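What follows is a set of notes on a single structure, which appears directly below.
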Amino acid sequence: MIASVIVDVPAKQIDRTFDYKVPEALTSVVQRGIRVIVPFGPRKIQGFILSLKEESSVKKLKSIEEVVDIEPVLNEELMSLSEWLTDQTLCYRISALQVMLPAAMKAKYNKFFHLIEEKQHLPSHIKELFEKESPLTWKTADAHHVLKDLQELIRHRKVEMKYVVKQSANVKKARFVELADEKLMNEIPGNAKKQQLVSDHLLKNARKMAVTDLKEATGATSAVIKTMIDKGYLIESFNELYRDPFQERTFEKTEHFKLTDDQKTAIAPILEKVNSYEQQTFLLHGVTGSGKTEIYLQTIDQVLKQKRQAIMLVPEISLTPQMVQRFKGRFGDQVAVMHSGLSVGEKYDEWRKIHRGEVNVVVGARSAIFAPFKKLGVIIIDEEHETSYKQEDSPRYHARDVAIERSNRHGCPVILGSATPSLESFARAKKGNYQLLELEYRMNQQDLPEVKIIDMREELREGNRSMFSRDLLEEIEKRIEKKEQIVLFLNRRGYSSFIMCRDCGTVMQCPHCEVSLTYHRSKESMKCHYCGHEEHVPEKCPECESEHIRYFGTGTQKVEEELFKLMPHVKTIRMDVDTTSKKGSHEKLLSAFDRGEADVLLGTQMIAKGLDFPNITLVGVLSADTMLHLPDFRASEKTFQLLTQVSGRAGRHDKPGEVIIQTYTPEHFSIELAKTQNYEWFYQKEMMMRKTAQYPPFYYISLITLSHENVNKAAGVCNEIADILKSRLSDQSIILGPVASPIARIQDKYRYQCIIKYKHEPELKTLLKKILDQYSDTGKDAVTIHIDVQPYIMM
DNA sequence: AGCACGCCGACT
DNA sequence: GTCGGCGTGCTC
């Protein structure tokens with residue numbers, strides 16, 4: 001028997017199957033979708049079996065070393081989905097397979113040095129190392145700078161190097177005890193108080209318990225438990241333990257809400273498709289507070305009744321405890337949660353629950369779209385316009401596309417939900433590709449908050465140079481008096497704090513990238529967000545040696561400071577990357593705010609969604625237009641979405657809410673229309689702009705990026721590619737470039753790009769594949785090429 | 001991606 | 001005459 005294997009090497013020349021003999025002993029275990037360890041050149045690496053056959057055209061075959069799995073980690077559907085993904089995103093097959101598994105399952109490779117003969121003459125320093133550690137790890141050898149010497153010894157056959165594939169995923173095990181027999185309990189001596197206690201506890205609660213929990217509950221020591229095991233009262237066992245990230249919390253069981261007429265009308269066609277096992281993509285358009293979540297929950301409920309499963313995607317940042325609470329509350333332990341806040345091990349555990357069929361619902365961020373369910377009944381993507389659904393590195397997939405592809409395979413509906421749908425989706429819904437479902441009313445009949453737009457230029461003219469308008473300050477003061485709460489939103493992206501010299505105008509730049517360095521208060525350092533370069537804050541301008549250097553930009557820290565200066569009595573909680581990097585701190589800050597420990601919640605993107613506190617009656621957006629000027633054709637769309645989203649935070653309950661938006665361009669339509677939250681108008685207007693500018697949804701876009709240390713080389717190759725494209729594509733397609741990338745240099749590599757805009761180009765994918773093939777050399781002086789079919793970020 | 005093989009300049 | 005630089009090509 002011969003197995004065709006895709007090995008764990010993401011490189012152009014390796015992106016195909018390699019054949020291996022299957023040893024007799026493994027013939028009954030091997031099958032498509034299991035992972036194996038195979039010899040590859042001088043080393044051993046992991047691979048996926050793609051198919052089995054009897055013959056191979058290759059003469060000298062090596063044998064599979066061992067199997068990693070007993071059962072396929074990827075089922076048939078996911079195996080074939082990986083093929084589709086490879087094809088769609090032009091990635092390596094191994095990357096497509098790998099992305100479907102939790103990070104913990106990715107193989108790690110270790111190198112070890114072994115002594116060939118124990119007693120032999122070795123240089124004394126090497127001998128010492130081997131005496132301490134044998135086999136010697138690569139890491140230790142490297143740390144002691146003896147790799148060179150070892151290389152020499154390998155040549156003389158005194159030492160050999162072995163490769164070991166390490167599976168990082170480890171199952172957490174724990175010691176459990178179980179009551180042997182109830183009758184035996186009477187034999188426990190009357191003076192053995194602790195033993196009595198233990199047996200009582202087990203009888204009353206679960207008969208089987210983890211020893212650690214049991215000890216804590218009863219106060220028994222290990223000695224007590226050991227005696228009981230020895231006497232046969234208890235049976236000891238070692239069981240797998242799931243790391244449950246939510247075990248500390250209890251979830252109150254919640255029931256269905258009664259749907260409003262509006263919701264009933266919307267859910268009916270969805271349930272119809274669920275019941276008939278048919279694919280259909282729905283776009284559920286409803287303003288914040290219109291009750292989309294309840295529709296999701298009731299659809300999932302229906303799916304569960306049919307013994308099928310559901311995937312619910314939410315953007316990373318809105319995967320808040322509140323969100324999880326709603327799902328766990330309704331569906332209890334049938335829910336697995338997958339998001340980046342979990343440790344690698346926790347994610348692995350959640351994945352295994354899905355793989356084993358122990359749960360039927362997964363709530364998670366982008367990658368949860370690959371949850372290994374066997375019978376999907378619905379896929380839901382909440383906040384479908386969110387850009388985080390697009391993965392920015394290979395495989396560059398969009399979760400929405402994967403969702404639709406999977407739903408076709410399973411025969412189930414997809415629900416895309418949003419208050420501000422992406423233009424692409426809304427256009428498709430208008431065309432009838434998706435079915436549009438509208439929720440027009442807020443559930444509690446609450447009016448949308450009143451939105452006031454403040455022209456900051458006017459403030460400046462009136463002599464107010466601070467970042468707070470007089471109106472905003474006044475309103476803040478009012479809320480404080482009424483003991484109500486305030487959210488201040490700062491859009492930091494593209495407007496981060498940088499340092500500029502007031503004398504010569506020099507801005508601190510990253511020495512390796514064409515971006516300015518960001519000032520980090522907490523470490524008093526300057527950091528590059530692209531390559532991680534970090535340096536101390538200079539005391540003098542590096543150019544003119546002037547001491548008049550100044551911090552520019554409006555970081556959250558700076559806002560906090562200024563607010564404190566203006567209103568020292570206001571208590572503020574700041575949420576940004578600095579304050580929420582520790583696990584669980586996000587949650588802590590939010591609950592502190594909920595308890596009323598602060599008046600103002602100040603933050604970036606991450607506070608824009610999902611938080612739902614009854615006492616918030618004022619939302620302030622400090623600078624609405626910071627993202628409007630980014631080199632991105634979606635800038636207006638993103639601004640409108642963000643403002644609408646943020647405004648939705650105010651007055652969700654019985655108290656009326658107010659929103660203040662500060663801007664330097666109040667006349668811009670995406671800011672004007674955010675005032676009335678009129679999506680339809682915004683859509684019309686923006687569609688006109690897109691049509692004139694020839695952007696999606698009127699045109700598709702593909703982006704090719706070339707990078708190289710030498711500017712001319714990068715530009716030259718980009719030019720060559722542009723020429724190929726121009727000669728091979730139809731006249732209706734537009735090729736922009738080559739032009740320098742918006743970020744012209746990253747990690748000392750110059751970047752050039754070429755944008756293809758097209759409406760219908762059936763051969764494009766084949767052509768791009770060819771270009772990728774032709775230009776993805778790995779040689780020393782080779783350019784690096786990236787192709788993103790349907791990019792979200794054009795940089 | 002690794003890694004071995006293999007062909008030309010500065011050393012014993 | 002050898003050691004070692006890193007260009008080239010292979011991995012079932």
Side-chain angles (χ1 to χ4, degrees), chain A residues 1-24 26-27 30-68 86 90-99 103 106-114 123 137-139 141-142 145-166 168 393-395 707-710 713 747 749 772-786:
Chain A
M1 196 192 271
I2 286 152
S4 291
V5 175
I6 293 278
V7 295
D8 185 15
V9 179
K12 175 189 144 194
Q13 291 161 293
I14 314 301
D15 190 28
R16 60 188 172 91
T17 59
F18 287 83
D19 289 350
Y20 288 89
K21 281 190 276 193
V22 178
E24 201 56 44
L26 295 179
T27 48
V30 289
Q31 54 175 313
R32 177 167 154 92
I34 73 159
R35 292 171 301 160
V36 288
I37 310 287
V38 292
F40 194 68
R43 57 215 168 109
K44 290 191 180 63
I45 56 177
Q46 195 176 83
F48 289 81
I49 294 185
L50 222 58
S51 61
L52 294 165
K53 53 188 181 182
E54 291 305 322
E55 303 268 309
S56 172
S57 54
V58 184
K59 282 169 214 122
K60 278 190 185 166
L61 289 183
K62 289 186 184 175
S63 287
I64 290 175
E65 195 84 9
E66 57 179 293
V67 293
V68 180
T86 307
L90 307 176
C91 69
Y92 299 126
R93 188 67 191 275
I94 187 68
S95 317
L97 291 165
Q98 219 87 263
V99 79
K106 214 181 147 177
K108 294 205 173 74
Y109 300 95
N110 279 345
K111 295 184 217 173
F112 289 100
F113 297 101
H114 292 253
T137 60
W138 177 281
K139 217 178 136 193
D142 193 26
H145 308 287
V146 292
L147 289 178
K148 265 251 157 74
D149 304 336
L150 287 165
Q151 206 174 14
E152 176 77 19
L153 291 166
I154 288 168
R155 225 194 321 267
H156 292 98
R157 311 255 172 253
K158 291 194 170 173
V159 170
E160 66 179 333
M161 189 155 65
K162 282 187 184 166
Y163 300 86
V164 177
V165 182
K166 206 178 96 191
S168 56
D393 40 49
S394 179
S707 50
H708 196 266
E709 273 125 51
N710 182 334
K713 180 110 187 180
Q747 290 198 26
K749 285 188 169 167
L772 200 55
D773 230 47
Q774 192 179 334
Y775 287 96
S776 51
D777 290 325
T778 47
K780 198 170 176 287
D781 203 35
V783 287
T784 315
I785 181 167
H786 283 296

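The structure displayed is predicted, hence computed values, not measured ones. Labels below follow one simple rule: chain letters A, B, ... track the order of the sequence lines, proteins then strands, and each chain is numbered from 1.
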Could you tell me the separation between the [atom1] atom of [X] and the [atom2] atom of [N], rounded to a whole number of Å?
{"X": "A:Phe18", "N": "B:dG2", "atom1": "CZ", "atom2": "C1'", "answer": "13 Å"}
{"X": "A:Gln46", "N": "B:dA1", "atom1": "CD", "atom2": "C1'", "answer": "16 Å"}
{"X": "A:Lys44", "N": "B:dC3", "atom1": "NZ", "atom2": "C1'", "answer": "15 Å"}
{"X": "A:Lys12", "N": "C:dG9", "atom1": "NZ", "atom2": "P", "answer": "12 Å"}
{"X": "A:Ile49", "N": "C:dC12", "atom1": "CD1", "atom2": "P", "answer": "16 Å"}
{"X": "A:Arg16", "N": "C:dC12", "atom1": "CZ", "atom2": "P", "answer": "10 Å"}
{"X": "A:Asp19", "N": "C:dT11", "atom1": "CG", "atom2": "P", "answer": "13 Å"}

Next item on the list: When you get a sec, tell me which of C:dC12, B:dC3, C:dC10 is the closest nucleotide to the side chain of A:Gln13?
Entry: C:dC10
Check: Does A:Asp15 reach the main-chain N or O of A:Arg93 with its side chain, forming a donor-acceptor pair under 3.5 Å?
Finding: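 A pair under 3.5 Å: yes.
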Margin query: For the backbone of A:Val783 and the side chain of A:Lys749, can you confirm whether one donor and one acceptor N or O come within less than 3.5 Å of each other?
Written below: no
Margin query: Under 4.0 Å, counting only non-hydrogen atoms across every strand here, what does A:Ile2 touch: a base, just sugar-phosphate, or nothing?
Written below: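 The answer is nothing, as A:Ile2 stays clear of every strand by at least 4.0 Å.
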Notebook entry, point to check: Base, sugar-phosphate alone, or nothing: which one does A:Tyr20 contact when heavy atoms must sit under 4.0 Å apart?
Noted result: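 Counting heavy atoms under 4.0 Å across all strands, the contact made by A:Tyr20 is with sugar-phosphate only.
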Next item on the list: For DNA chain C, determine which residues of residues 55-64 of chain A have any heavy atom closer than 4.0 angstrom to one of its atoms, and list them numerically.
Entry: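 Output list: A:Val58, A:Lys60, A:Leu61, A:Lys62.
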Notebook entry, point to check: Taking atom CD1 of A:Ile785 and atom OG of A:Ser707, what is their separation to the nearest 0.5 Å?
Noted result: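 Rounded to the nearest 0.5 Å, the CD1-OG separation comes out at 9.5 Å.
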Next item on the list: May I have all residue pairs that pass salt bridge (charged side-chain N to carboxylate O under 4.0 Å, His left out) and include part of residues 37-53 of chain A, sequence neighbours excluded?
Entry: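 Salt bridge (charged side-chain N to carboxylate O under 4.0 Å, His left out) check on residues 37-53 of chain A returns A:Asp19-A:Lys53.
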Checklist line | Test applied, side chain to side chain contact (heavy atoms under 4.5 Å, CB included); reference residue, A:Lys21; option that passes from A:Ile64, A:Leu61, A:Leu26 | finding: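 For A:Lys21, the side chain to side chain contact (heavy atoms under 4.5 Å, CB included) check succeeds only for A:Leu61.
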Item checked: Any pair counted as ring-ring contact (aromatic ring centres under 6.0 Å, His included), so long as it reaches residues 47-66 of chain A, sequence neighbours left out -> none
